[in-house]
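One structure is given below, encoded as C-alpha cells.
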Amino acid sequence: MAETGTETLRRSPLAHLEERMRKAAVTGARGVTLTELPFLTMVNLRVDPSSETAGRIETALGAPLPRRCGDTAASGPRTILWLGPDEWLVLSPPEEAAASREPGAVALRDALGPDPGSVVDVSANRTTLELSGPSARQVLEKGCPLDLHPRAFGPGRAMSTTVGPVSVLLWQVDDAPTYRLLPRSSFADYLARWLVDAMSEFSRPEVP
C-alpha cells in the first residue's frame with residue numbers, strides 16, 4: 001500500500017460546512033459572504049517590547065511590533081496582531097505555500113535566542129472565517145459588543161471580543177468591509193452556523 005502523507009489527511013474545522021456557507025452568500029446591495037481560510041500559520045509571540053530581543057524579532061519579521069491595543073502591522077503577506085502589552089499573534093499564509101518566504105516559528109525562536117520570552121506555533125488552535133460585503137458589519141452587530149462603526153473600528157484594527165457566545169479575535173481587513181474572525185477550532189462550527197443564520201435576513205428585501 002502506498003504511504004499516505006499527512007497533508008492528504010489534513011481536514012479543516014469547517015470543511016463540512018463549506019457548501020452551506022457558499023449557499024448562504026447574498027449578492028447585491030445587501031450582499032454578504034462567509035468563507036473559511038483554513039490552515040493559516042499562527043505563531044504566538046511573547047517578548048519585552050523594550051528589549052534588544054524585540055528589535056531582533058522585528059528585523060526577522062520585517063515589521064515593527066504593534067504597541068497599542070487593537071493595532072496591527074503588516075509585512076508582505078504577514079500580519080502581526082496585538083494581543084497584550086508583551087504578546088502578539090503573527091499570521092502568515094499556509095506553511096506549504098509560504099515555506100520559502102515566511103519566517104515561521106523556527107526563525108523567530110532563533111531571533112529570540114536564550115533571552116526571556118516565548119515563540120509557539122499555535123496554527124492548530126484556531127481557524128479563520130472571512131465575512132465580507134456591504135452587510136458584513138450589520139451581521140456582526142447582531143452579536144458583537146464592540147462599536148464597529150468606522151469612526152471607532154476600521155481597516156487594520158483587531159480586537160479580542162465575542163460574536164454571539166463565541167470568543168474570537170476580530171480583525172477588519174478592508175473597507176468592503178471584510179472581517180476575519182479567529183475562533184478556537186472547537187467553537188468554529190457553532191460560530192459559522194450562527195453567522196449563516198445572522199446572514200439570512202439580508203437575502204430578503206429590506207423592510208422600509
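Note that the coordinates shown come from a computational prediction; the quantities given were computed from them, not determined experimentally.
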**Study point:** Ser75 side chain vs Arg78 backbone, donor-acceptor pair below 3.5 Å
**Key:** no
Point to revise | Sequence-distant partners of Thr127, side-chain hydrogen bond (donor to acceptor under 3.5 Å, both in side chains), two or more places apart | key: Glu36
Practice item. Please check if Val168 and Val122 belong to a single hydrophobic cluster, counting links between Ile, Leu, Val, Met, Phe, Trp and Tyr side chain heavy atoms closer than 4.5 Å. Key: no
Point to revise | Shortest non-hydrogen contact from Leu40 toward Pro93 | key: CD2-CA, 4.4 Å
Check your understanding: Looking at side-chain heavy atoms only, is the closest gap between Leu81 and Pro66 below 4.5 Å?
Key -> no
**Study point:** Nearest atoms (heavy-atom pairs only) where Ala188 meets Pro13
**Key:** CB-CB, 4.4 Å
Point to revise | Backbone N/O of Met199 and side chain of Ser203: donor-acceptor pair under 3.5 Å | key: no
Check your understanding: When you check the gap from the basic side-chain N to the acidic O, do Glu18 and Lys23 get nearer than 4.0 Å?
Key -> no
Check your understanding: To the nearest 0.5 Å, what is the distance between CG (Leu83) and SG (Cys69)?
Key -> 10.0 Å
Check your understanding: How many angstroms lie between atom CG of Leu108 and atom CH2 of Trp88, to the nearest 0.5 angstrom?
Key -> 12.0 Å
Practice item. Please check if Val196 and Leu181 belong to a single hydrophobic cluster, counting links between Ile, Leu, Val, Met, Phe, Trp and Tyr side chain heavy atoms closer than 4.5 Å. Key: yes
Review point. Does the side chain of Ser135 reach to within under 4.5 Å of the side chain of Val26, using non-hydrogen atoms?
Key: no
Tell me which donor-acceptor pairs under 3.5 Å the side chains of residues 42-49 have, and how far apart each pair is, sequence neighbours excluded?
| from | atom 1 | to | atom 2 | distance (Å) |
| --- | --- | --- | --- | --- |
| Asn44 | ND2 | Glu87 | OE2 | 2.9 |
| Arg46 | NH2 | Asp86 | OD1 | 2.8 |
| Asp48 | OD1 | Ser50 | N | 2.9 |
| Asp48 | OD1 | Ser50 | OG | 2.8 |
| Asp48 | OD2 | Ser50 | OG | 3.3 |

Exercise for review: Determine the minimum heavy-atom distance between Arg10 and Phe39, stating which atoms define it.
Suggested key: NE-CD2, 3.3 Å
**Study point:** Shared hydrophobic cluster for Leu129 and Val139 (ILVMFWY, side-chain gaps under 4.5 Å)
**Key:** yes
Check your understanding: Do we see a donor-acceptor contact under 3.5 Å between the side chains of Thr178 and Ser132?
Key -> yes
Exercise for review: Check whether any side-chain heavy atom of Ile80 lies under 4.5 Å from a side-chain heavy atom of Thr72, and answer yes or no.
Suggested key: no
**Study point:** Heavy-atom side-chain contact between Leu17 and Asp189 under 4.5 Å
**Key:** yes
Point to revise | Non-neighbouring partners of Phe153 that pass side chain to side chain contact (heavy atoms under 4.5 Å, CB included), sequence neighbours left out | key: Leu146, Leu148, Arg157, Met159, Leu170, Gln172, Tyr179
Check your understanding: Can you tell if the side chain of Ile57 reaches within under 4.5 Å of the side chain of Leu61, non-hydrogen atoms only?
Key -> yes
Point to revise | 4.5 Å side-chain heavy-atom contact, Thr79 and Val90 | key: no
Point to revise | salt bridge (Lys or Arg N to Asp or Glu O under 4.0 Å) pairs, two or more places apart, involving residues 159-173 | key: none
Check your understanding: Which atoms form the tightest heavy-atom contact between Leu34 and Met21, and what is the distance?
Key -> O-CB, 3.5 Å
Review point. Any idea which heavy atoms bring Val166 and Pro183 closest together, and the distance?
Key: CG1-CB, 4.1 Å
Practice item. Using the salt bridge (Lys or Arg N to Asp or Glu O under 4.0 Å) rule, collect all pairs that involve residues 158-178, keeping only residues at least two apart or in two chains. Key: none
**Study point:** Val32 side chain reached by Leu131 side chain, heavy atoms, under 4.5 Å
**Key:** yes
**Study point:** Exam field: side chain Ser12 to backbone Ala15, donor-acceptor pair closer than 3.5 Å
**Key:** yes
Check your understanding: Can you pull the salt bridge (Lys or Arg N to Asp or Glu O under 4.0 Å) pairs that have at least one residue in residues 49-65, sequence neighbours excluded?
Key -> Arg56-Asp115, Glu58-Arg67
Review point. Hey, does Gln138 have a side-chain heavy atom less than 4.5 Å from the side chain of Glu201?
Key: no
Exercise for review: Working to the nearest 0.5 Å, report the span between CG of Asp71 and CZ of Arg68.
Suggested key: 4.5 Å
Check your understanding: Does a side-chain N-to-carboxylate-O contact under 4.0 Å join Arg193 and Asp197?
Key -> no
Exercise for review: Begin with the C-alpha distance, continue with both residues' side-chain angles, and end with the deciding distance and a verdict on side-chain contact (heavy atoms from CB on, under 4.5 Å) for Thr27 and Thr33.
Suggested key: CA-CA 8 Å; Thr27 59; Thr33 61; over 6 Å; no
Exercise for review: Grab the two heavy atoms, one from Glu130 and one from Leu37, that are nearest each other, plus how far apart they are.
Suggested key: OE1-CD1, 3.6 Å
